[in-house]
Amino acid sequence: MRRTSSFLVVLTFLLATISPLTSADTAADHARQLHFSSIVLDTHADTTQLFFTKDYDFAKRNTGGSHVDIPRMREGGLNALFLSIFIDASIQGPPAIQKALDQIDAIRVTVRDHPQDLLLATSADDVRRAHAQKKIAILMGIEGGHMIGNDIRLIRIYSALGVRYMTLAHFKNDEWADSSTDKPAHNGLTDYGKDIVREMNRQGMLVDISHVSDKTFYDALEISKAPLIASHSSCRALCNHPRDMSDEMIKALASKGGVIQINYEKSFIDQAYKDASDKATGGVVEMMDKIKKACGDDEECAGLQMKKMETQLIAEGKLPHVTWERIIDHIDHAVKLVGADHVGLGSDFDGANMPEGMEDASKLPKITEALLRKGYSESDIRKILGENTLRIMEQAEKVSAELKAQ
Ligand SMILES: [Zn+2]
């Protein structure tokens, strides 16, 4: 009797110890199963710049502080990625076009050289085909209207080369669209800017309103026949940064079928960090100008400089810690506001300061697990991970076919 009761005590103790572990394991397993069977599509990474640096190899696991490469995409289940084509917005005209073409070629050559792993995707179907073949879909987006050199014909040329979105402006105004981080010069989109949006619709190129002024966003929303994307922006209600979207803007975007792809940059997701960073650096534009002065067009130098400045400010205790859960807060805020059909992922990997716990693409399964634990349905999580962006691409393709048939 005594032996039985002590056996029961031991058994009860063991069960009490084991069962929470088992349920945690089950939740983690469930999350992994869901994550690794989904199309995980990120609409913005600046990794292209690294293709031009000597120590980086997209096919190898890199340790120099970068966020994305094939091994870490595989590890994190990131199987579709828009690589950004980017040059500083102070460069306009033919040199900006030349740089954009260099980068498009670099992406195409990288895909060509890794046919076992990569597939160049220019449609939603291509992304699904890549997924079925267990390859990573690589897509291209132009980050800033200054790269068309104020010439609408470049929309057709870039589209023919496979570019599937263009951000209407970057940190500075371009010739036809106002930026969110510059003094308004055009009151939103100029008439030429509106024609450019129409031509993007014709070409099936997604209209990206990250980086643009609020007025440019509302102008583009009115003109575009296809839904818009905010390829890498977060929620202003949680972090009041001009790069983020107000609740009113997110609602307007969603009312026309659009998607906000949440950016993981610390100063876009955490108010305390943003305030401290502004105080220490004078704000994002001033910081970029300082880096530009020190590095010129050398993007490798710019990346290193940015990292150095941040490391130094953290060491001096001038910047607070930000953890990856803030990304979940922004996803959840947008979902509560407009529903799971209008939210996606736009990390800004290799172009931003990542929060702790989201050091690189390999950490992405955490997002799926966190959303599952919050009670999100599998179907809503798949939408956020990639299906919403695919839906938008399909809509843009349909609008393009209709306009070309007219
Ligand atoms: Zn950006």
Side-chain angles (χ1 to χ4, degrees), residues 41-50 66-68 81-92 96 99-100 103 107 139-148 163-174 177-182 205-214 216-217 220 228-236 239 241-245 249 253 259-270 273-274 277-278 281 283-289 291-292 295 297 299 302-303 305-307 310 327 330 344-355 358 361 389:
L41 199 174
D42 182 330
T43 43
H44 196 89
D46 285 307
T47 316
T48 319
Q49 307 297 329
L50 298 172
S66 65
H67 304 144
V68 175
L81 179 65
F82 271 96
L83 286 174
S84 140
I85 288 143
F86 164 77
I87 176 168
D88 190 90
S90 60
I91 299 161
Q92 299 192 337
K99 282 276 186 186
Q103 293 179 36
I107 292 171
L139 302 108
M140 295 185 282
I142 295 218
E143 189 180 14
H146 55 293
M147 275 169 282
I148 67 167
V163 173
R164 279 301 166 266
Y165 80 64
M166 185 171 79
T167 318
L168 299 179
H170 194 249
F171 276 124
K172 293 196 166 77
N173 302 332
D174 51 44
D178 281 341
S179 160
S180 64
T181 42
D182 202 350
M205 199 187 272
L206 293 171
V207 178
D208 176 24
I209 57 79
S210 280
H211 280 286
V212 308
S213 74
D214 293 11
T216 304
F217 160 70
L228 308 181
I229 58 165
S231 72
H232 58 308
S233 291
S234 300
C235 306
R236 227 178 262 176
C239 182
H241 197 295
R243 275 286 285 101
D244 290 340
M245 295 181 81
M249 290 162 80
L253 175 86
V259 174
I260 173 172
Q261 283 97 355
I262 300 297
N263 189 317
Y264 313 163
E265 154 68 41
K266 285 194 270 191
S267 61
F268 298 169
I269 59 173
D270 189 272
Y273 185 94
K274 190 241 172 213
S277 167
D278 282 358
T281 65
V284 65
V285 174
E286 286 75 4
M287 187 175 75
M288 299 302 269
D289 282 347
I291 290 172
K292 177 99 189 124
C295 298
D297 289 344
E299 294 293 340
Q305 196 71 16
M306 202 162 114
K307 195 83 221 146
E310 203 220 358
I327 300 166
H330 282 257
L345 305 178
S347 63
D348 216 347
F349 278 140
D350 289 324
N353 290 316
M354 290 296 122
M358 191 51 65
T389 301

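We count ligands from 1, going down the list as the structure has it; atoms in each ligand are counted the same way. Heavy atoms only: backbone and side chains are in, while hydrogens, waters and symmetry mates are out. Start at 1 with the first residue, then count along the sequence.
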Are the side chain of D178 and the backbone N or O of S213 linked by a donor-acceptor pair below 3.5 Å?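 No, D178 side chain to S213 backbone: no donor-acceptor pair under 3.5 Å.
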Report yes or no: does D42 contribute a side-chain atom to a donor-acceptor pair with the main-chain N or O of S347 at less than 3.5 Å? yes
Point-to-point distance, once rounded to the nearest 0.5 Å, from CZ of F82 to CE of M140: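 These two atoms lie 10.0 Å from each other.
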Taking both backbone and side chain into account, is any N, O or S atom of H211 nearer than 2.8 Å to the Zn ion (ligand 1)? yes
Confirm or rule out an N/O/S atom of H44, from backbone or side chain, lying less than 2.8 Å from the Zn ion (ligand 1).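 So H44 does not count as coordinating the Zn ion (ligand 1).
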Hydrogens and angles aside, do E265 and H241 bring a side-chain donor and acceptor to less than 3.5 Å of each other?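 Not at all, the side chains of E265 and H241 share no donor-acceptor pair under 3.5 Å.
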Determine which of the N, O or S atoms in E143 is closest to the Zn ion (ligand 1) and give its atom name. OE2
